[in-house]
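Note sheet for the following structure.
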Amino acid sequence: MKLNANHASLLVIMLSTLLLVSSIFVIAQDGSNTDNATCAVALEDFYVVASEACIGAPIGTICNGGIPPNAEPAGAVSNSLAPTGSLVEAGVVDSLSTSAFSVEGHNGGIVWLRTGDANISALLLGEVSVQDVTPPDFPAWTSLIVSTSEAPAACGVAPRSGFVVQGVDRQQVNMVVNGVSLRINGTVMVQTQGVETVFLTLDGNVQVIALGQTEGMVAGQQVRVPHEAEDFTRPTNVPTLPLPFEADRVANFPFALLDRPALMPQPGFAATQGNVNLRTAPTINAALLLEVPPGEIMTILGRNPAGDWYHVRLTSGYTGWMFADLLRREHGAIEAVYESTPVPPQRFGRIGTNAQVQSPDGVLMYSAPDLTFTPINTLNFAQDVTLLARSPYSPWVKVDSNGAVGWVPLIALDTQAIIASLIVDYDVPPPPEPTRVPGSFGNAFPDPSCFPDC
């Protein structure tokens with residue numbers, strides 16, 4: 001076919017446009033990765049500021065760690081929550097609405113809600129709305145209407161919006177969310193999608209009760225409860241059967257922001273069918289931690305690359321590795337894959353590494369983690385120390401105070417750091433065996449009461 005001048009010009013324009021669109025697409029793809037990396041850095045900086053402002057705030061208060069939330073009553077109460085780190089008594093607030101994360105990841109909605117009488121510690125993260133509809137004769141914030149945004153985060157590495165609840169000091173929480181009764185012995189995330197409320201268990205176990213039907217969940221599971229369109233005040237059907245949760249619902253969730261941090265669970269769970277060894281590494285040559293009896297339901301934290309060993313968490317809190325073929329497995333895809341045990345996540349910023357002496361008389365620093373070892377220094381009241389490690393056999397921590405390194409009992413320190421996330425120093429000497437009292441069982445000393453017949 002012979003092209004005239006107009007056809008040729010049109011063809012050149014089409015080809016140029018196609019090349020331009022292709023270039024833009026490539027740039028967008030490359031830019032997306034760059035944007036995510038930039039967003040991740042900004043997001044962590046934002047979490048540091050929020051953590052230092054609100055982690056450890058008093059029970060019975062609401063603390064704002066991000067973009068000023070909308071609160072009712074409007075006016076003085078709402079305005080008081082605008083600054084980062086501001087505190088307002090929980091009982092005077094009727095509702096809260098927080099904002100989505102920015103494209104850059106440098107700000108977003110983060111609010112901590114901590115009630116006294118109801119023993120609730122809650123976190124609003126992203127675009128969330130909660131309304132207190134508790135009857136007058138019950139503690140505030142025990143019956144709520146919750147809705148969360150379904151939109152994906154503008155920052156690609158930001159978490160999905162959610163409302164997370166756990167009990168203060170591991171106490172059971174009994175509350176009603178969207179007309180559904182909850183008994184929480186752990187940590188539960190609430191999200192809404194369409195006409196459904198989705199409940200995801202992140203730690204421990206949760207019972208979900210709607211229209212007289214009870215479904216129990218363990219960490220790694222979710223249930224759904226349907227409602228009328230645009231009306232989350234009451235359910236229209238019983239809860240679905242528990243299933244492994246959808247992993248994207250908890251992706252990138254900053255567990256270190258919770259008052260009681262949890263380890264990121266994988267979808268579903270595993271259970272022992274007979275006695276199974278829990279080991280320190282994914283090999284039969286690794287040290288044995290303990291023998292777990294049949295019937296233990298465990299949170300899956302990850303797996304090794306071959307998939308024949310699972311990293312699990314017991315209900316007691318112990319973590320370790322088990323041979324997968326010995327377990328009953330009811331889980332989805334396990335995306336956390338590693339060769340060796342990862343270090344658990346720590347608090348964001350300085351509060352994850354720092355502590356202050358809280359003993360009024362100060363505390364002695366020892367050469368090793370026990371009172372029987374040599375004192376090497378004295379730390380004064382309110383003195384700052386840096387946390388370095390923890391003892392493998394006692395509640396002691398290794399600290400650095402202006403270059404002096406030694407061990408102090410954890411009870412003498414005030415810290416918001418996650419002690420379980422500190423590395424364990426296995427090189428410390430064990431405490432000496434206690435000296436037996438003369439005449440005690442198994443001792444070579446004679447019992448005076450039997451002399452001279454003994």
Side-chain angles (χ1 to χ4, degrees), residues 42-71 76-93 95-102 105-116 118-130 132 140-141 144 146 148 155 158-159 161-170 173 187-190 202-203 252-262 345-356 358 384 387 414-419 421:
L43 198 60
E44 181 159 351
D45 290 342
F46 176 55
Y47 289 157
V48 169
V49 174
S51 297
E52 293 180 348
C54 289
I55 294 294
I59 300 297
T61 64
I62 294 172
C63 184
N64 172 39
I67 294 176
N70 292 321
V77 171
S78 184
N79 294 339
S80 297
L81 278 171
T84 299
S86 56
L87 296 176
V88 170
E89 184 183 344
V92 303
V93 178
S95 68
L96 288 164
S97 294
T98 51
S99 304
F101 285 97
S102 66
H106 66 275
N107 59 25
I110 297 183
V111 167
W112 283 261
L113 166 63
R114 303 174 175 103
T115 69
N119 299 319
I120 292 170
S121 171
L123 178 69
L124 289 74
L125 192 66
E127 191 173 355
V128 180
S129 176
V130 295
D132 183 13
W141 295 101
L144 292 75
V146 176
T148 65
C155 164
S161 299
F163 177 69
V164 184
V165 180
Q166 55 187 192
V168 175
D169 295 330
R170 299 189 178 276
V173 171
T187 306
V188 64
M189 177 183 284
V190 181
L202 306 182
D203 178 52
N252 302 317
F253 183 79
F255 282 83
L257 293 180
L258 296 175
D259 281 347
R260 190 177 70 252
Q346 183 54 271
R347 294 283 191 204
F348 295 97
R350 292 182 68 255
I351 64 173
T353 59
N354 283 36
Q356 297 78 41
Q358 66 175 354
D384 287 327
L387 300 169
D414 179 29
T415 182
Q416 296 299 327
I418 307 170
I419 300 303
S421 295

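Taking all atoms of both residues into account, the shortest heavy-atom contact from Val190 to Thr148 is O-CG2, 3.7 Å. Contact between Arg350 and Glu52 at its shortest, heavy atoms only, is N-OE2, 3.4 Å. Here the shortest heavy-atom pairing between Ser421 and Pro345 reads OG-O, 2.7 Å. Among all heavy-atom pairs drawn from Gly167 and Arg260, the shortest one is O-NH1, 2.8 Å. In terms of heavy-atom proximity, Cys63 sits nearest to Ala57 at CB-CB, 4.4 Å. Scanning both residues, Ser129 and Ser97, for their nearest heavy atoms gives OG-OG, 3.4 Å.
Taking CG of Leu387 as the reference point, atom CG of Asn354 lies at 7.0 Å (rounded to 0.5 Å). Here the CD1 atom belonging to Ile418 is positioned 11.5 Å from the CZ atom belonging to Phe255, to the nearest 0.5 angstrom. Between the CZ atom in Arg347 and the CD1 atom in Ile351 there is a gap of 6.0 Å [rounded to 0.5 Å]. Atom CH2 in Trp141 sits 4.5 Å away from atom CG in Leu96 (nearest 0.5 Å). Distance check, rounded to the nearest 0.5 Å: CD1 of Ile120 to OG1 of Thr115 gives 4.5 Å. Of the inter-residue distances, the one linking Asn64 atom CG with Cys54 atom SG reads 6.5 Å to the nearest 0.5 angstrom.
Under a 3.5 Å cut-off, the side chain of Ser51 and the backbone N or O of Ile55 do not form any donor-acceptor pair. When atom types are taken as modelled, the side chain of Ser86 and the backbone of Ser80 share a donor-acceptor pair closer than 3.5 angstrom. A donor-acceptor contact shorter than 3.5 Å is absent between the side chain of Ser161 and the backbone of Val128.
The aromatic rings of Tyr47 and Phe348 are tilted relative to each other, their planes meeting at an angle between 30° and 60°.
Under the 4.5 Å side-chain criterion, counting only non-hydrogen atoms from C-beta, Leu125 is in contact with Ile110.
Looking at Asp203, Asn119, Asp259, Thr187 one by one, the single match for side-chain hydrogen bond (donor to acceptor under 3.5 Å, both in side chains) with Gln166 turns out to be Thr187. When the options Leu123, Leu258, Thr61 are evaluated for a side-chain contact (heavy atoms from CB on, under 4.5 Å) with Trp112, the one that passes is Leu123.
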